[in-house]
Amino acid sequence: MTQEVDIVVIGLGPGGEDAAGRLAEAGLAVVGVESRLVGGECPYYACVPTKMMVRAAGLLAEGRRVPGMAGAATLTPDWAPVAARIREEATDSWDDTAAADRLTGKGVTLLRGQGRITGPGEVTVEGRVVRARRGIVLNTGTSPTAPPIDGLAGLPYWTNREAVQTEEVPGSLLVLGGGVVGAEMAQVFSRFGSRVTVVEAGARLLANEEPESSDLLREVFEREGIGVRTGVKVTGASQDAEGLTLHLGDERLTADRLLVATGRRPNLKGLGLGAVGLDEGARAIPVDGAMRAADGVWAIGDITGKGAFTHVSMYQANIAVRDILGERGAAADYRAVPRVTFTDPEIASVGLTEAQAREQDLTVRTGTAQIPESTRGWIHKVGNDGFVKLVEDADRGVLVGATVAGPSGGEILGALAVAVHTGAPTAALREMIYAYPTFHRAIQTALAPLAP
Ligand SMILES: Cc1cc2nc3c(=O)[nH]c(=O)nc-3n(C[C@H](O)[C@H](O)[C@H](O)COP(=O)(O)OP(=O)(O)OC[C@H]3O[C@@H](n4cnc5c(N)ncnc54)[C@H](O)[C@@H]3O)c2cc1C
Ligand SMILES: NC(=O)c1ccc[n+]([C@@H]2O[C@H](COP(=O)([O-])OP(=O)(O)OC[C@H]3O[C@@H](n4cnc5c(N)ncnc54)[C@H](O)[C@@H]3O)[C@@H](O)[C@H]2O)c1
């Protein structure tokens with residue numbers, strides 16, 4: 001039996017779910033196809049549960065900062081309320097009934113199963129053929145991936161999916177990969193009492209961020225008792241009665257648990273991209289400014305390779321919806337994509353790093369301010385690690401990138417995201433009034449060296 005609709009959305013991550021609902025509310029006949037959970041990785045295994053973990057770990061860290069500042073505090077870390085909150089408040093025990101009902105309530109027909117493009121404007125879901133008159137939106141996201149390390153594949157290692165479902169904190173934890181997932185998880189479990197070691201192949205943590213961010217995070221991690229091994233080659237992995245072991249040549253690192261956080265692979269295999277002229281083996285689906293990937297095909301989210309963040313997925317969904325509905329609007333613009341690694345200090349950034357700006361042959365000028373040296377940072381005292389770094393295109397006199405590392409770094413970044421997005425003149429930013437004594441006032445100090 002062939003069903004005919006206007007739009008088929010394959011994969012209901014944050015962007016796909018949003019796009020499907022809005023297109024249905026606009027009066028189109030929409031089928032949404034989902035093989036796992038409506039809403040995708042973010043609400044069930046990623047952003048939301050991990051930020052609940054970060055919030056709980058942050059409370060413990062603040063409690064430990066009481067001595068010398070506000071008296072005494074006795075802390076007894078307990079993972080049970082964190083696990084319960086993730087289970088009950090965030091994920092409904094990894095049951096998406098509420099999200100599915102919300103979607104169908106908007107008029108979307110939900111088909112459960114693996115969607116595959118079987119021809120232009122045609123999607124097959126578990127043998128059921130759906131024809132899409134206007135087109136197909138792809139939002140299939142990514143899955144955790146593990147490196148080809150000898151012995152690793154057969155081990156019961158965690159990915160982010162198992163880590164957010166854990167009911168207990170392991171006595172010790174090896175974190176393979178010091179990117180965003182590894183950094184956030186390492187600090188959470190360490191603050192709950194696990195002996196954590198991060199094992200990173202690259203030269204530094206958070207390789208996509210400013211080197212100053214990597215250095216600061218390493219310093220904080222080591223101060224908190226987290227082992228950080230960078231520039232190492234893992235040659236093997238094994239398991240015995242002592243636990244799970246990573247082999248670094250002759251050296252062995254063993255722990256109760258191993259979290260593999262070495263990146264993601266796009267869910268493009270078996271999607272039938274060849275049927276619409278797209279490269280089946282590509283790492284990402286190239287899209288234009290309207291999120292069009294081919295005639296009658298739009299792609300949004302992590303699979304477009306424009307930044308693996310929920311806010312990018314939602315931003316792109318909005319553009320695709322507009323295009324499908326024939327509405328006018330600006331083309332996608334990625335100059336000011338904000339990124340926040342929710343460690344403590346938060347590492348928040350927008351636009352280009354200094355190195356990226358130099359690679360683009362810009363005339364680069366930078367300004368930096370240390371948070372502990374700002375009035376608010378000095379008042380804050382313990383837990384005040386951080387800095388503001390600004391990257392200016394000196395020829396145009398505008399910021400092209402910025403980093404805020406520190407307490408509430410992600411919130412403070414908002415001001416700088418506006419500056420990069422709007423191309424606000426650096427001279428105008430220097431003339432602004434910054435409230436005293438705030439963390440964001442450090443922006444003013446960082447602007448000073450940018451004066452011509
Ligand atoms: C641990 C962790 C923490 C994160 N924290 C943050 C954060 O704090 N902030 C942030 O902005 N981002 C965060 N991210 C990234 C964020 O989760 C993703 O960018 C976000 O989920 C958007 O992904 P997406 O829209 O591409 O689709 P996804 O969320 O990956 O969803 C894709 C959906 O498509 C389905 N699917 C795939 N193939 C098919 C098929 N053939 N047929 C049917 N269905 C299919 C999948 O089952 C899935 O449900 C985090 C990621 C991880 C791993
Ligand atoms: N707060 C957030 O917004 C947030 C949080 C988590 C994840 N995310 C998104 O999810 C994406 C994936 O995160 P991720 O941390 O899995 O990937 P990542 O690419 O950020 O980091 C993976 C790390 O693993 C290292 N690695 C790879 N192979 C290795 C090996 N064999 N041995 C040791 N180290 C190895 C890499 O050098 C890299 O540093 C991120 O790029 C980000 O966009 C966002």
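Numbering of ligands and ligand atoms starts at 1, following listing order. Only a predicted model underlies this, so the values are computations on that prediction, with no experimental measurement involved.
A donor-acceptor pair is defined here as one N or O able to donate and one able to accept, closer than 3.5 Å; no such pair exists between the side chain of Asp6 and the backbone of Arg133.
Residue Val180 has at least one nitrogen or oxygen atom sitting less than 3.5 Å from a nitrogen or oxygen atom of ligand 2, judged on distance alone. Ligand 2 has a nitrogen or oxygen under 3.5 angstrom from a nitrogen or oxygen of Gly263. The shortest N/O to N/O separation between Gln114 and ligand 1 falls below 3.5 Å.
Here Ser313 has side-chain heavy atoms under 4.0 Å from ligand 1, and that is the only part of it that gets that close. The part of Leu271 lying near ligand 1 is the side chain, judged by heavy-atom distances below 4.0 Å. Looking at Val38 against ligand 1, nothing comes within 4.0 Å, counting heavy atoms. When non-hydrogen atoms are compared, ligand 1 lies under 4.0 Å from the backbone of Thr140 as well as from its side chain. Using a 4.0 Å cut-off between heavy atoms, Arg116 makes no contact with ligand 1 at all.
Those atoms of ligand 2 with a heavy atom of Gly179 less than 4.0 angstrom away are 15 (O), 20 (O), 21 (O), 23 (C), 39 (O). Listed by number with element, the atoms of ligand 2 under 4.0 angstrom from any heavy atom of Phe342 are 1 (N). Close approach of ligand 1 to Ser35 (heavy-atom distance below 4.0 Å) involves ligand atoms 36 (N), 39 (C), 43 (C), 44 (N), 45 (C), 47 (O). Atoms of ligand 1 found under 4.0 Å from any heavy atom of Arg36 (numbered from 1 in listed order, with element): 47 (O). Residue contact check: Lys51 has heavy atoms under 4.0 Å from atoms 1 (N) of ligand 2. Taking every non-hydrogen atom of Leu37 and a distance limit under 4.0 Å, the qualifying atoms of ligand 1 come out as 49 (O). Near Leu176, meaning under 4.0 Å from any of its heavy atoms, are these atoms of ligand 2: 32 (N), 33 (C). Numbered from 1 in the order shown, with element, the atoms of ligand 2 that lie under 4.0 Å from a heavy atom of Pro147 read 31 (N). For ligand 2, the atoms lying closer than 4.0 Å to a non-hydrogen atom of Arg264 are 12 (C).
Counting heavy atoms of neighbouring residues, nucleotides and ligands inside a 6.0 Å radius, atom CG of Asp240 exceeds 12 of them.
The closest approach between Ala163 and ligand 1 stays at or above 4.0 Å for every heavy atom of the residue. Contact annotation: Lys233 has no heavy atom less than 4.0 Å from any atom of ligand 2. The shortest heavy-atom distance from Ala261 to ligand 2 is under 4.0 Å.
Under the 30°/60° scheme for interplanar angles, the aromatic rings of Trp158 and Phe189 are found to be tilted.
When the heavy atoms of Thr304, Asp302, Thr341, Thr310 are ranked by distance to atom 10 (C) of ligand 1, first place goes to Thr310. The nearest non-hydrogen atom to atom 40 (C) of ligand 1, considering only Gly263, Pro49, Gly115, comes from Gly115. Of the listed options Glu200, Met185, Arg204, Glu346, Glu200 places a heavy atom closest to atom 25 (C) of ligand 2. For atom 13 (O) of ligand 2, the nearest non-hydrogen atom from the set Val181, Val175, Val199 comes from Val181. Looking at Thr343, Thr341, Val340, it is Val340 that brings a heavy atom closest to atom 2 (C) of ligand 2. Among Pro144, Gly272, Ala46, the residue whose heavy atom lies closest to atom 17 (O) of ligand 1 is Ala46. Of the listed options Cys47, Pro14, Gly141, Cys47 places a heavy atom closest to atom 13 (C) of ligand 1. The residue from Cys47, Gly410, Ala308 that puts a heavy atom closest to atom 43 (O) of ligand 2 is Ala308.
At a threshold of 4.5 Å between non-hydrogen side-chain atoms, the residues Arg191 and Asp344 count as touching.
Counted by atom type alone, Arg218 and Thr230 present one or more donor-acceptor pairs between their side chains at under 3.5 Å. Donor-acceptor pairing under 3.5 Å is lacking for the side chains of Asp95 and Ser93. There is a side-chain donor-acceptor pair under 3.5 Å between Arg204 and Ser214. Neither side chain, Gln187 nor Ser190, offers a donor N or O lying under 3.5 Å from an acceptor on the other. Neither side chain, Glu210 nor Ser349, offers a donor N or O lying under 3.5 Å from an acceptor on the other. Side-chain atoms of Thr254 and Thr245 include a donor-acceptor pair closer than 3.5 Å. Of the N and O atoms on the side chains of Thr124 and Arg116, not one donor lies less than 3.5 Å from an acceptor on the other residue. Side-chain polar atoms of Gln165 and Tyr44 form no donor-acceptor pair below 3.5 angstrom.
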(request) Show the numbers, then the answer: is there a salt bridge (charged side-chain N to carboxylate O under 4.0 Å, His left out) between Arg112 and Glu126? (result) CA-CA 9 Å; Arg112 300 255 184 206; Glu126 315 289 334; over 6 Å; no
(request) Determine, stepwise, if the pair Asp150 / Thr235 fulfils side chain to side chain contact (heavy atoms under 4.5 Å, CB included). (result) CA-CA 7 Å; Asp150 216 22; Thr235 50; over 6 Å; no
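Here Arg22 contributes atom CZ and Glu17 contributes atom CD; the two are 12.5 Å apart, rounded to the nearest 0.5 Å. Rounded to the nearest 0.5 Å, atoms CG (Leu176) and CD (Glu200) are 8.5 Å apart.
A pairwise comparison of heavy atoms in Val391 and Glu354 identifies CG2-N, 3.8 Å as the closest pair.
Among protein heavy atoms, the minimum distance from atom 29 (C) of ligand 2 is reached at Thr262 CG2, 3.6 Å.
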